[in-house]
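The basis for the numbers below is simple: all heavy atoms, side chains too, and nothing from hydrogens, waters or symmetry mates. Just follow the structure's listing: the first ligand is 1, and inside any ligand the first atom is 1.
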Amino acid sequence: MPAPETSNYPGLSLTLPTLEQKSWQQLVTVLDNSSGETTAPGFKTMTVASRTATGADARTVVLRKVDADRKYVWFHTDVRAAKVMQFEAFPDCTLLFWDEKSQVQLRLTVETRLHTDDYVADEHWQTIGAGNRKNYLSEYRPGSEQPAPYPGFPAHLGAGLPSAEESEAGRANFAVIECRVLAMDYLQLNRSGQVRALFQYEPESKMVWLAP
Ligand SMILES: Cc1cc2nc3c(=O)[nH]c(=O)nc-3n(C[C@H](O)[C@H](O)[C@H](O)COP(=O)(O)O)c2cc1C
């Protein structure tokens with residue numbers, strides 16, 4: 001199939017293995033504070049799309065960990081959240097990333113696995129600070145109806161941080177969602193021509209260019 005005549009088309013200078021490696025590296029460096037300038041700051045958060053008994057659901061979460069070699073990503077949530085029930089019933093989800101700076105969309109097809117009372121959750125809990133732990137101190141289930149606006153943590157904390165001891169109460173509500181990546185659909189927007197490719201890891205490994 002002929003490539004577009006214009007020499008500005010970014011697809012001309014790419015190979016599938018390099019593009020795959022670069023995409024994973026962008027996810028890794030977004031978490032690496034020491035690397036300074038990140039090429040894809042938008043990858044700090046992602047949309048997690050899940051199935052429900054009656055349809056579909058989606059929400060934003062923060063990317064917490066990436067294993068580029070084993071093709072895993074992780075995020076954190078409150079174990080009482082509605083999404084956790086959805087992942088338990090339907091482990092197959094889509095993680096959607098969009099980075100404005102590089103104009104790249106990554107669509108990851110994943111299989112989720114819940115970690116609560118195990119060493120994986122313990123390890124992640126140790127990595128998060130008091131500000132983040134505060135999110136797990138809610139007295140109420142996320143999404144439960146309240147008689148008045150509720151801040152998501154005990155009122156006495158206000159704008160302050162919980163002490164290390166206070167924050168430990170959040171551990172019981174803390175969950176890690178491990179996502180085994182089955183496939184990555186890459187799309188880069190560009191006026192000189194878009195680039196789309198599929199990197200599939202399971203059930204069989206393959207890399208292929210796609211029409212955008
Ligand atoms: C920028 C941003 C980051 C968020 N990060 C997380 C997160 O890491 N984990 C989480 O459970 N919810 C996070 N939320 C809240 C979720 O989007 C969602 O509202 C909440 O988890 C309830 O979702 P659920 O009802 O589908 O369980 C974030 C929201 C925003 C706007």
Atom 25 (O) of ligand 1: nearest protein contact (heavy atom, Å): Ala82 CB, 4.0 Å
How does Arg64 reach ligand 1, by side chain, by backbone, by both or by neither, if only non-hydrogen atoms under 4.0 Å count? neither
Could you tell me which atoms of ligand 1, counted from 1 in the order shown, lie closer than 4.0 angstrom to a heavy atom of Thr77? 10 (C), 11 (O)
Looking at Lys65 and Asp67, is any side-chain nitrogen of the basic one under 4.0 Å from a carboxylate oxygen of the acidic one? no
Less than 6.0 angstrom from the centroid, inside 45 degrees of the normal: does Arg70 satisfy that with respect to the ring of Tyr72? yes
Decide whether an N or O pair under 3.5 Å exists between Thr45 and ligand 1. no
Cationic N near anionic O, under 4.0 Å, Lys101 to Asp99: no
Check this for me: does any side-chain nitrogen of one of Asp122 and Arg171 sit under 4.0 Å from a carboxylate oxygen of the other? yes
Restricting to heavy atoms, the pick from Thr47, Thr60, Asp78 nearest atom 12 (N) of ligand 1 would be Thr60
Evaluate Lys83 for polar contact with ligand 1, using N/O atom pairs at a separation under 3.5 Å. yes
Below 30° counts as parallel, above 60° as perpendicular, anything between as tilted: where do the rings of Trp74 and His124 land? tilted
Do NZ/NE/NH1/NH2 and the carboxylate oxygens of Lys83 and Asp57 come within less than 4.0 Å? no
Val62 to ligand 1: N or O pair under 3.5 Å? yes
Verify the distance criterion only: is there a donor paired with an acceptor across the side chains of His156 and Glu166 at less than 3.5 Å? yes
Kindly identify the option in His76, Arg141, Arg59 whose heavy atom sits closest to atom 26 (O) of ligand 1. Arg59
4.0 Å protein heavy-atom contact status of atom 19 (O) of ligand 1, strictly under: no
